[in-house]
Amino acid sequence: MINLKAFLDQKVIQYNQPEFITHDPICIPHLFSKRQDIEIMGFWASILAWGQRVTIINKCKELIDLMDGTPHDFIINHQEQDLKRFQHFKHRTFNYTDTLYFVHFFKHHYSSFESLEDAFLPFQLQQVYQDAYLENPQLKKSIKNQSSVCLQEDLAVETTEGNLNFFRSYFFSLPDFPHRTKKHISSPLQKSTCKRLNMFLRWMVRKDDKGVDFGIWNRIKPSQLICPCDLHVDRVARKLNLITRKQTDWQTALELTHQLRMLDKDDPVKYDFALFGLGIEEKF
């Protein structure tokens, strides 16, 4: 483990650099200085992050243009007729219906809260949230950071598992939400790795002296974060024996993060830079 730590620490130093920003979807929230704009476009960039990175970035810039370059202001102040401009926006399976619901959700949330962080905090939202969803015993259990999915509850303690389960329930708590949009927001209850949401949380939560991750949220701790488990990270982690599980699911993400915590308990997901860089830049 000592040699592996030294190797990965060096790769973090190599890849956790401002140069990383330009060709990564994280460049989208870096176009903004206003907290809410960073959150909105960071969230959208992470959710649309599948396929070629150039395409993802271009699609996010198209969205920004459709919102007149000021996402938060557009979300709060748009009129019904303004939404027609999104009719032809599409990325992979993300379409007009999905876009409208995202706008609807953001307006609902930011009408009551200053930050999107509140949407990830269980029981923070009881006054504006349809709490009938919490009758689901699985959700109640997961909110307490107990993994009802992977049966390795010791790995799920003090992680964002409950936050992710709660967020999905809150996101789809508005009346008449489109069922087709549910496929774009994952949670541990679906046994998903939650790669995109974990990446978004890394951007918002992790304190980064290199200026890549934003670290603008303080109520979720960097030590709670789960490593985004994408194709490159998964492949490299298996080669380094950080993952033994055959399939790739939520339990896999927990297993990987558990191993990374043994290298740095306070900032385990910094190794996302190392694993991703080794995979995509070095074809490790």
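Every heavy atom of this structure was used, including side-chain atoms; hydrogens, water molecules and symmetry mates were not.
Every pair passing side chain to side chain donor-acceptor pair (under 3.5 Å) that includes a residue from residues 44-59 is listed here, sequence neighbours excluded: Lys59-Glu62. Among pairs with a residue in residues 36-45, those fulfilling salt bridge (charged side-chain N to carboxylate O under 4.0 Å, His left out) read Arg35-Glu39, at least two apart in sequence or across chains. Residue pairs meeting the salt bridge (charged side-chain N to carboxylate O under 4.0 Å, His left out) criterion with at least one member in residues 83-92, sequence neighbours excluded: Asp68-Arg85, Asp82-Arg85. Within the structure, every pair that satisfies the salt bridge (charged side-chain N to carboxylate O under 4.0 Å, His left out) test and touches residues 195-205, not counting sequence neighbours, is listed here: Arg202-Asp213, Arg202-Asp272. Every pair passing ring-ring contact (aromatic ring centres under 6.0 Å, His included) that includes a residue from residues 185-210 is listed here, sequence neighbours excluded: Phe43-Phe200, Phe200-Trp217. Sequence neighbours left out, the pairs with a member in residues 97-115 that pass salt bridge (charged side-chain N to carboxylate O under 4.0 Å, His left out) are Asp98-Arg180.
For Asp264, the side-chain hydrogen bond (donor to acceptor under 3.5 Å, both in side chains) partners two or more places apart in sequence, or in a different chain, are Lys270. Applying the side-chain hydrogen bond (donor to acceptor under 3.5 Å, both in side chains) rule to Thr257 yields no partners; only residues at least two apart in sequence or on another chain are considered. Remark: Asn16 engages Asp208 in a side-chain hydrogen bond (donor to acceptor under 3.5 Å, both in side chains) (not counting sequence neighbours). The side-chain hydrogen bond (donor to acceptor under 3.5 Å, both in side chains) test applied to Asp73 returns Asn77, not counting sequence neighbours.
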Can I get a per-line list of side-chain donor-acceptor pairs under 3.5 Å for residues 20-27, giving both atom names and the distance, sequence neighbours left out?
| from | atom 1 | to | atom 2 | distance (Å) |
| --- | --- | --- | --- | --- |
| Asp24 | OD2 | Ile26 | N | 3.0 |

What donor-acceptor contacts under 3.5 angstrom involve side-chain atoms of residues 233-245, with partners at least two apart or in another chain?
| from | atom 1 | to | atom 2 | distance (Å) |
| --- | --- | --- | --- | --- |
| Asp234 | OD1 | Arg238 | NE | 3.4 |
| Asp234 | OD1 | Arg238 | NH2 | 3.4 |
| Asp234 | OD1 | Thr248 | OG1 | 3.0 |
| Asp234 | OD2 | Arg238 | NE | 2.9 |
| Arg235 | NH2 | Gly279 | O | 3.0 |
| Arg238 | NH1 | Arg245 | O | 2.4 |
| Arg238 | NH2 | Arg245 | O | 3.0 |
| Arg238 | NH2 | Lys246 | O | 3.4 |
| Arg238 | NH2 | Gln247 | O | 3.2 |
| Arg238 | NH2 | Thr248 | OG1 | 3.2 |
| Lys239 | NZ | Phe284 | O | 3.3 |
| Thr244 | OG1 | Glu255 | OE2 | 2.6 |
| Arg245 | NE | Asp249 | OD1 | 2.8 |
| Arg245 | NE | Asp249 | OD2 | 3.2 |
| Arg245 | NH1 | Gln251 | OE1 | 3.0 |
| Arg245 | NH2 | Asp249 | OD2 | 2.7 |

